[in-house]
Amino acid sequence: MPQRRPEVDDQPQPGGTPTRPLTRPSGAVISTVLIVALTLGVVLGFNALAGRLGESGAQPSGTSQSTDDQGMLLGGVPAPSFSLKDQTGGVVTLDSLKGKPTVFTFFDSVCPHTDCSLMAQYINATAKDMGSRADSVNWVALSLNPWHDTPQSAATFLSNQKMTPHVVYLLGSQDQLQPLWDAFHMQSILQADGIVIHTTGVYLLDSQTREQVFMNEGFNPATLSADVALLLKDGPSAFAGKQSARTTRSVSLTHSVNGLLVTLSATPGAYGSYNFTVQLKTSAGAPVSNATVTLDLDMPDMAMSPVHVDMKLAQSGAGGVYRADGVLSMRGEWVGRVSVTPQGAATPTMTSFTFTASY
């Protein structure tokens, strides 16, 4: 039997400190087993203002630009089609959303950590900032937990979060939802302990249901509110020609161990993901390009199984650089344990790095 998961009834406020999540056996924002997408698997999306990290996947076709620290311009990529029931039993299709901008997010109604609650409160703050204009927008959430989400649990979650806009909570089976998660660059995995790990984020669709903006967890509700107002004013062309750089907030740390210089770098990627590189050099500065390198990630304040990543040699070995891109993650303090086994070595060299992930 899957482990019973408690309902979420706490209401963290944007900008405040969320309550400590329940223990999460393995996963990302939950049991952050952030497995990674290459072998990078999955992790959960995020713990917003409290400072955790969240989202992931490959870039959509075309060039993406940032609108601010948490947002990316998506260039009007069509959103994936769907036909799903909501928490009331009504059928909702992508076409039924046309005619209004849509704020499209992702929930787990029995999420035992604070991420989904925080996202709900960011949505509430966005709607509050919009005032009466909030009625001119579709507010939609897609289930990330087909194994536990039900119409009743979805309605209870929305009620507990005191959602001020009317949110349509889309439900379905894993077979129905998996293609949508993939299309929206979300990840969700049911672990053996019954806990679900997942990512999250917010898409802004225009009135023709084309993807215009993506925001990671921890976004500024006023920024999303302003973007919605821009769509209401100027229509689908609202973001044409716009672009602005965002800070990368990358981290790079170097340790000297067993005659090796090991540098771990972590850089925010697309959709709440992180890109990791490990650079290996001898103490004399010569690159080491013939090693087996792995990375195990976990959060000290979470009960979780480490996320295991096999690093791949980059650029045909130039510079002794090993990469893993698209690793899902969440904001907060992480420990990265790097294992290096040079060719011919009998035992690996191990070293640990502590860093704070943020966007």
- Message: Rounded to the nearest 0.5 Å, what separates atom CE in M311 from atom CG in L264?
- Response: 7.0 Å

- Can you name the closest pair of heavy atoms from F353 and L253 and give their distance? CE2-O, 3.4 Å

- Item | V77 side chain near E211 side chain, heavy-atom distance below 4.5 Å | yes

- Validation row: V168, N138 side chains within 4.5 angstrom (heavy atoms): no

- Check for a donor-acceptor pair, side chain of T294 on one end and backbone N or O of V309 on the other, with a separation under 3.5 Å. no

- Message: Please check: side-chain N/O of Y203 versus main-chain N/O of A79, any donor-acceptor pairing under 3.5 Å?
- Response: no

- Task: Decide salt bridge (charged side-chain N to carboxylate O under 4.0 Å, His left out) for D325 and K312; before the verdict, give the C-alpha distance in whole Å, the side-chain angles of both, and the deciding distance to 0.1 Å.
- Result: CA-CA 10 Å; D325 293 334; K312 305 298 182 182; over 6 Å; no

- Item | Minimum heavy-atom distance F107-A141, with the two atoms named | CD1-CB, 3.3 Å

- Message: For G172 versus P146, what's the shortest heavy-atom pair and its separation?
- Response: O-CB, 3.2 Å

- Set of ring pair (Phe, Tyr, Trp, His ring centres under 6.0 Å) partners for F106, sequence neighbours left out: F104, F184

- Any chance you could measure N124, atom CG, to T164, atom OG1, to the nearest 0.5 Å? 4.0 Å

- Query: What about V335 and F355, same hydrophobic cluster or not, with Ile/Leu/Val/Met/Phe/Trp/Tyr joined at side-chain heavy-atom distances under 4.5 Å?
  - Reply: no

- Task: Provide the closest heavy-atom pair for L261 versus S256 in the form atom of the first, atom of the second, distance.
- Result: CD2-CB, 3.8 Å

- Applying side-chain hydrogen bond (donor to acceptor under 3.5 Å, both in side chains), name anything that partners T88, two or more places apart in sequence or on another chain. D86

- Query: How many angstroms lie between CD in Q178 and CD in Q187, if you round to the nearest 0.5 Å?
  - Reply: 8.0 Å

- Message: I need the L142 CG to M186 CE distance, nearest 0.5 Å.
- Response: 9.5 Å

- Message: Would you say that P236 contacts S207 through its side chain, given a criterion of any heavy-atom pair below 4.5 Å between the two side chains?
- Response: yes

- Item | Inter-residue atom distance Y322.OH - L280.CG, 0.5 Å rounding | 5.0 Å

- Task: Evaluate the side-chain proximity of L84 to L180: yes if any heavy-atom separation is below 4.5 Å, no if none is.
- Result: yes

- Item | Heavy-atom closest pair, residues T263 and S252 | CG2-OG, 3.4 Å

- Query: Could you go step by step and tell me if D227 and M215 meet the side-chain contact (heavy atoms from CB on, under 4.5 Å) rule?
  - Reply: CA-CA 11 Å; D227 283 351; M215 292 187 178; 3.4 Å; yes

- Side-chain contact test, heavy atoms from C-beta onward, threshold under 4.5 Å: evaluate it for V278 versus V321 and give yes or no. no

- Task: Report the C-alpha separation of V288 and L260 in whole Å, then their side-chain angles, then the decisive distance to 0.1 Å, and conclude whether the side-chain contact (heavy atoms from CB on, under 4.5 Å) test is met.
- Result: CA-CA 9 Å; V288 178; L260 291 174; 3.9 Å; yes

- Taking all atoms of both residues into account, what is the closest heavy-atom pair of P221 and Y122, and its distance? CG-CD2, 3.8 Å

Check: residues 344-352 side-chain donor-acceptor pairs under 3.5 Å, at least two apart:
from: T349; atom 1: OG1; to: N258; atom 2: ND2; distance (Å): 3.3
from: T351; atom 1: OG1; to: H255; atom 2: ND1; distance (Å): 2.8

- Between OG of S173 and CG of D149, what distance do you get to the nearest 0.5 Å? 12.5 Å

- Item | Test item: Q87 side-chain N/O and A155 main-chain N/O as donor-acceptor pair under 3.5 Å | no

- Query: So do Q212 and L74 actually touch side chain to side chain, heavy atoms under 4.5 Å?
  - Reply: no

- Message: So does A134 get a backbone contact from the side chain of W139, meaning a donor-acceptor N/O pair under 3.5 Å?
- Response: yes

- Is it the case that S109 and S153 place a side-chain donor and acceptor less than 3.5 Å from each other? yes

- Message: Within the 4.5 Å heavy-atom criterion, are P101 and L232 side-chain neighbours or not?
- Response: yes

- Are side-chain heavy atoms of K100 and S136 found at a separation under 4.5 Å? no

